[in-house]
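The structure appears right after this line, and notes come after that.
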Amino acid sequence: MQVHDDLKALSRDAAAWEQGQRTLARTIAAWRTAPEAASVLAALDRFGRKDPLDSCAALAALFAKVGDVAPDPAPDTPSDPARELVSGLMRRGLAALAAHPLGQMPFRHAHRQAADTLLLAHSGTATLGLAVFDGAALARQPAPRTAEFAPVETWFRVLAGSGRGDLTTRDPESAALRTEALDLVPGMTFPRHGARQALQLREVSGSLVVLRLQRLTSLHDPVREVALGDGDLRSQAALTAEYSRMDMAMAALAALGRQDAVPALSRLVHGQGPAALRWQALRAILALDTRAGLVLLRTVASSDDPALSGPARDLHRTLVAQWPELEKVAQWRG
């Protein structure tokens, strides 16, 4: 492996690097207890326990209009809690990184296409993070043909930069789509109900920095991807990484013909997981063991399961109408 000379000059022994990481960890701990952050994190803890945002004053203040926030006692300048929170972190963090340039700040982070995200804090199913969108990278992306709707409520606050986006609203009854242009400018705040609203950035001038608060509204509802042209459903996916792994595992088991997985899949069907995941388990059983799948399909169809009984009845009618012999297969005990 080749190491650039500039990195060689910065490199130190393992003990020095570990000491640097401890310094960075202490830096973040100090920020978390600073006045601008401590009250916010305490409010986030309540918010993560499903308290309404309005009752979490320090957190709600981050996403209020600047004029709606009580001014500081200092001269004539309205306070901006969102900027104070992030500025306090940047001051401490950049100073620590200058002393330890090969260190890593102890935050979870991710990169996706034209956006980088930094998770500042989380509690329960709620997260508070920073997102930075790169205008040049965004311009290289093809125009989106679909939009995703997820059971997540989100609040945005534009900290720096400007851009333009499309806010697409999906009617829950007709599934019709309505799109409106949204100009993003510093200081702008807005909420988004992810199950029926999707925000897609179209253009960013330079970089756009956004403070983002999110909370799941349901662990059972799937993420729906729909076509922007006609609103047709293109795909559904489990919301959490755990459910996504289970979904992929079921597909692999069905492809491998693992009939020994049928009992475990049956328990999933009768469990308390998301309806989409339970339905996928039922379909996998049908693929692995026709008789067991049909017996279970009839059981679910005749149950009072609000999510699966209707689709199970429809599927059972369709299968038997197309292949009448399946009715006998379900009764076979051999």
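A donor-acceptor contact shorter than 3.5 Å is absent between the side chain of His100 and the backbone of Leu102. For Thr217 (side chain) and Pro151 (main-chain N/O), a donor-acceptor pair under 3.5 Å exists by modelled atom type. Listed for the Ser123 side chain is no donor-acceptor partner under 3.5 Å among the backbone atoms of Ala126. Of the possible polar contacts, one joining the Thr23 side chain to the Gln19 backbone as a donor-acceptor pair under 3.5 Å is found. Side chain of Ser302 to backbone of Thr299: a donor-acceptor contact under 3.5 angstrom is found. Using modelled atom types, one side-chain atom of Arg83 and one backbone atom of Leu159 make a donor-acceptor pair closer than 3.5 Å.
Legend: residues meeting ring-ring contact (aromatic ring centres under 6.0 Å, His included) with Phe63, ordered by chain and number and at least two apart, are absent. With sequence neighbours left out, Asp116 forms a salt bridge (Lys or Arg N to Asp or Glu O under 4.0 Å) with no residue at all. Every residue meeting the side chain to side chain contact (heavy atoms under 4.5 Å, CB included) condition with Ala136, not counting sequence neighbours, appears here in chain and number order: Asp134, Arg140. For Arg278, the side chain to side chain contact (heavy atoms under 4.5 Å, CB included) partners are Asp305, Leu308, not counting sequence neighbours. Listed by chain and number, the residues in a salt bridge (Lys or Arg N to Asp or Glu O under 4.0 Å) with Arg22 amount to none (sequence neighbours excluded). With sequence neighbours excluded, the residues satisfying side chain to side chain contact (heavy atoms under 4.5 Å, CB included) with Ala264 are Arg267.
Applying the ring-ring contact (aromatic ring centres under 6.0 Å, His included) test to residues at least two apart or on different chains, none of the pairs has a partner in residues 244-271. Listed by first and then second residue, the salt bridge (charged side-chain N to carboxylate O under 4.0 Å, His left out) pairs that reach into residues 89-99 are Glu36-Arg92, sequence neighbours excluded. Among residue pairs with one or both ends in residues 175-195, those qualifying as ring-ring contact (aromatic ring centres under 6.0 Å, His included) are Phe156-Phe190; sequence neighbours excluded. Listed by first and then second residue, the salt bridge (charged side-chain N to carboxylate O under 4.0 Å, His left out) pairs that reach into residues 144-155 are Glu153-Arg215, sequence neighbours excluded.
Rounding to the nearest 0.5 Å places CG of Asp260 at 8.0 Å from CG of Leu253. Interatomic distance, Thr318 OG1 to Leu326 CG, rounded to the nearest 0.5 Å: 11.5 Å. Here Glu225 contributes atom CD and Thr146 contributes atom OG1; the two are 3.5 Å apart, rounded to the nearest 0.5 Å.
Paired with Leu62 under the rule side chain to side chain contact (heavy atoms under 4.5 Å, CB included), one option of Thr189, Leu44, Leu85, Val86 passes, and it is Leu85.
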Would you list the atom pairs, donor with acceptor, under 3.5 Å between side chains in residues 174-181 and any protein atom, with sequence neighbours excluded?
unit_1, atom_1, unit_2, atom_2, d
Ser174, OG, Asp171, OD1, 3.4
Ser174, OG, Ala176, N, 3.3
Thr179, OG1, Thr168, OG1, 3.1

Show the atom names and distances, to 0.1 Å, of all donor-acceptor pairs under 3.5 Å that link a side chain in residues 46-56 to residues at least two apart or in another chain.
unit_1, atom_1, unit_2, atom_2, d
Arg49, NH1, Asp45, OD2, 2.4
Ser55, OG, Pro52, O, 2.8

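Within a 6.0 Å sphere centred on NE2 of His109, other residues, nucleotides and ligands contribute 12 heavy atoms or fewer. Counted within 6.0 Å of CD on Gln104, heavy atoms from surrounding residues, nucleotides or ligands total 12 or fewer; the atom is thus considered open. Counting non-hydrogen atoms of neighbouring residues, nucleotides and ligands closer than 6.0 angstrom, the CZ atom of Arg26 exceeds 12 such neighbours.
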